[in-house]
S.K.: 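Here it is, the structure, as structure tokens.
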Amino acid sequence: MLKFYNSLTRQIDELKPIKDGVVSIYSCGPTVYDNAHIGNLRAFIIADTVARIVRLAGYKTKHVMNITDVDDKTIGRSQQEHEDSSPEDALKTLSTHYEKRFMSDIEAVGIDISAIQFIRATDSINSITDLIKELYKAGFAYIAEDGVYFSIDKYIKSGKTYGQLVELGAVADTKARINNDEYDKEDARDFALWKLAKPDEPVWPFELDGKDLGGRPGWHIECSAMSVGELGQPFDIHTGGIDLMFPHHENEIAQSTAGHEQKNLAKFFVHNEYLLVDKTKMSKSMGNFYTLEDILEHKFKPLSFRLFCLGSSYRTQADFTWENLASSHNRLKGLCNLAALQWQAKSDDKDSGIYIDGTIVKINNFLLNDLNTVEALAALSEVQNKLEASYLSEKQLDQFKELISLIDSVFGLDLGSTPDISADQKRDIGKRDKARRSDDFNESDKIRDQLKEQGIGLRDTSSSSVWFRL
RNA sequence: GGCGCGUUGGCCGAGUAGUUAGGCAAAGCUCUGCAAAAGCUUUUACGCCGGUGCGAUUCCGGUACGCGCCUCCA
């Protein structure tokens, strides 16, 4: 039984796909105006893991992620960095650059990008403007000086609930608090569906009610148009960081349900908590703003960061420090060495008494229960301890490979491809064993030192040696 | 001010109304030709005060502290 914590119901619910066999997932993706920071990466790692676990449960996934390649930030930055280009070209140059970088970053942290369908906002302008027209026609949108806005008041008066993900009190308070002169909207809660282009900003043509409204889409409407356009309505799971819950996701719900009788936008909203750095939110001014590049500079592997993310619950604020990453880094090394046992199974008829099948079942159950990667890893560690204190027999090799492939399918740590050592190194280990058995300790220690220089450590048992990477 | 999350052993981090989480780090011991690895020990920890239970780290109330959201934000 596949279960996730659902922000809509505030409890753990069982997921039953809307369509037989296929689960539709929409993840709020990046705004490509800068390199992704590690907090962004956590959100994408969690979204990827949600999809992997859905597949583990036996379903296919249709996983869509948007790429916001037009908004205030991308435009602002493109104007700064590419002054000589036309607004459109400048934006395209900037967003293409950061989109490529985004792809390579998330691939580095083990996200299977072939399993995700990416959609750019700029490639979806038609469906966005269609949706705005529809909302306008139905009376939920109005044209103002600087753009087209969504009317929360009309939405509520049509009998809908604004505040499905957050308490209404917060929303009412927001209304009282905001007094923003920059926008020409009727109500402080209203949000832009479409923004008119200012001079030197890129323009997409848009005509509404006979008016020429060249400009660009608002942020919230993109996600509504793209998710429903690709997945239908409602779809199964909407993922994103907890900070997107309000107003972004709340607004998405409003846009997509205005004028619709029954349908919600998605059945599940799965939100990951923030990644803190040194116990506070990351920010450039605090000097605790890290990207994948920083991780590489500290000589850590991107997959160590992935393991760090999966080593705590996605629903808690995990605290990132270099010390904590080092801990995950060492653990990952240990797991790779566990996987290396696949090359060293002993041909032994005796049963080592380690029950791998049971662990596979346990791990499956943990994962299907609201993404409990932490308990799943603990179960794996138990087997690891037993195997390292004992040995892996050839009789267990198939089970063992099944275990590693299960872990890889969900955790994406690439353990299965841990390589064997070279034929020369194997020969050396054999030579050392022989020397050691004949009490030629000078020779055996010499070979041991040589192997150590090659990054291979040895664990001597009563009968032979097991190698591992240092 | 409104809303939400958290407080667990050296560090990180699950979970549970009674029974060893797990990882990382350090020290000692055992094993070993010496090492390494492994095992064992240091290590029955759950913010504080009340309440309900035979029994609470786990439920309820209060309180202190930390973090986040309410403005672009994963």
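Below, all heavy atoms of this structure are taken into account, side chains as well, without hydrogens, waters or symmetry copies. Just so we're on the same page: letters track the sequence lines, and every chain starts at 1.
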S.K.: If you round to the nearest 0.5 Å, how far is CG of A/D146 from NZ of A/K195?
M.R.: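 Going from the NZ atom of A/K195 to the CG atom of A/D146 covers 8.5 Å.
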S.K.: With nearest nucleotide decided by heavy atoms, which residue, A/S327 or A/M245, maps closer to the 5′ end of RNA chain B?
M.R.: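 With A/S327 and A/M245 compared, the 5'-side residue is A/M245.
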S.K.: On a whole-Å scale, what distance lies between the P atoms belonging to B/A64 and B/G9?
M.R.: 22 Å
S.K.: In terms of side-chain heavy atoms of A/L276, which of B/G68, B/G33, B/A74 is nearest?
M.R.: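 From the listed options, B/G68 comes nearest.
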S.K.: Quick one: which of B/A74, B/C24, B/A37 gets closest to the side chain of A/L244?
M.R.: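 The nucleotide sitting nearest to the side chain is B/A74.
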S.K.: Counting side-chain heavy atoms from C-beta on, which of B/C70, B/C67, B/A35 comes nearest to A/Q317?
M.R.: B/C67
S.K.: In whole Å, what separates the C1' atom of B/A37 from that of B/A17?
M.R.: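 So the two C1' atoms sit 40 Å from each other.
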S.K.: Is the base of B/C34 touched by the side chain of A/R436 through a donor-acceptor pair closer than 3.5 angstrom?
M.R.: no
S.K.: What distance do A/L231 atom CG and A/S24 atom OG have between them, rounded to the nearest 0.5 Å?
M.R.: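 Rounded to the nearest 0.5 Å, the CG-OG separation comes to 5.0 Å.
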S.K.: From the list B/A25, B/G39, B/A74, which nucleotide is the closest neighbour of the side chain of A/T31?
M.R.: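 So the nucleotide nearest the side chain must be B/A74.
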S.K.: Can you check whether A/T316 has a side-chain N or O nearer than 4.0 Å to OP1 or OP2 of B/A14?
M.R.: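 Yes.
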S.K.: Reckon A/R331 touches a base, only the sugar-phosphate, or nothing at all at heavy-atom distances under 4.0 Å?
M.R.: sugar-phosphate
S.K.: Looking only at side-chain atoms of A/N324, point me to the closest of B/A37, B/C24, B/C12.
M.R.: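 For A/N324, the side-chain atoms sit closest to B/C12.
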S.K.: For A/F305 and A/F300, run ring pair (Phe, Tyr, Trp, His ring centres under 6.0 Å): C-alpha distance rounded to whole Å, both residues' side-chain angles, the deciding distance at 0.1 Å, then the answer.
M.R.: CA-CA 8 Å; A/F305 177 70; A/F300 290 115; over 10 Å; no
S.K.: Any donor-acceptor pair under 3.5 Å linking the side chain of A/N6 with the backbone of A/Q11?
M.R.: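 Not confirmed, A/N6 side chain does not pair with A/Q11 backbone.
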S.K.: Taking only the side-chain heavy atoms of A/R459 (C-beta and beyond), determine which of B/A35, B/A36, B/G39 contains the nearest atom.
M.R.: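 Closest nucleotide among those given: B/A36.
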S.K.: Specify the separation, in whole Å, of atom CG of A/L310 and atom P of B/G13.
M.R.: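 Distance, rounded to whole Å: 14 Å.
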S.K.: Looking only at side-chain atoms of A/D319, point me to the closest of B/G13, B/G33, B/C69.
M.R.: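 So the nucleotide nearest the side chain must be B/G13.
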S.K.: To the nearest Å, how far apart are A/I46 CD1 and B/A74 P?
M.R.: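 Taking atom P of B/A74 as the reference, CD1 of A/I46 is at 15 Å.
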S.K.: Could you work out which one of B/G13, B/G68, B/C34 sits closest to the side chain of A/S312?
M.R.: B/G13
S.K.: Now, which nucleotide makes the Watson-Crick or G-U wobble pair with B/C65, with each of the two distances under 3.5 Å?
M.R.: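 Paired with B/G6.
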S.K.: Of A/G334 and A/N372, whose closest RNA chain B nucleotide lies nearer the 5' terminus?
M.R.: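 Its nearest nucleotide lies further toward 5', so the answer is A/N372.
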S.K.: What nucleotide, of B/C34, B/C5, B/A38, holds the atom closest to the side chain of A/R448?
M.R.: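 Closest nucleotide among those given: B/C34.
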S.K.: What is the nucleic acid contact for A/N40, judged by heavy atoms within less than 4.0 Å: base, sugar-phosphate only, or nothing?
M.R.: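 Touches a base.
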S.K.: Syn versus anti for B/G53, judged by chi lying within 90° of 0?
M.R.: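 Chi for B/G53 falls in the syn range.
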S.K.: Determine the interatomic distance between C1' on B/A14 and the same-named atom on B/U8; round to the nearest Å.
M.R.: 10 Å
S.K.: Which nucleotide, B/G22, B/A14, B/A25, lies nearest any side-chain atom of A/A378?
M.R.: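 Side chain of A/A378 sits closest to B/G22.
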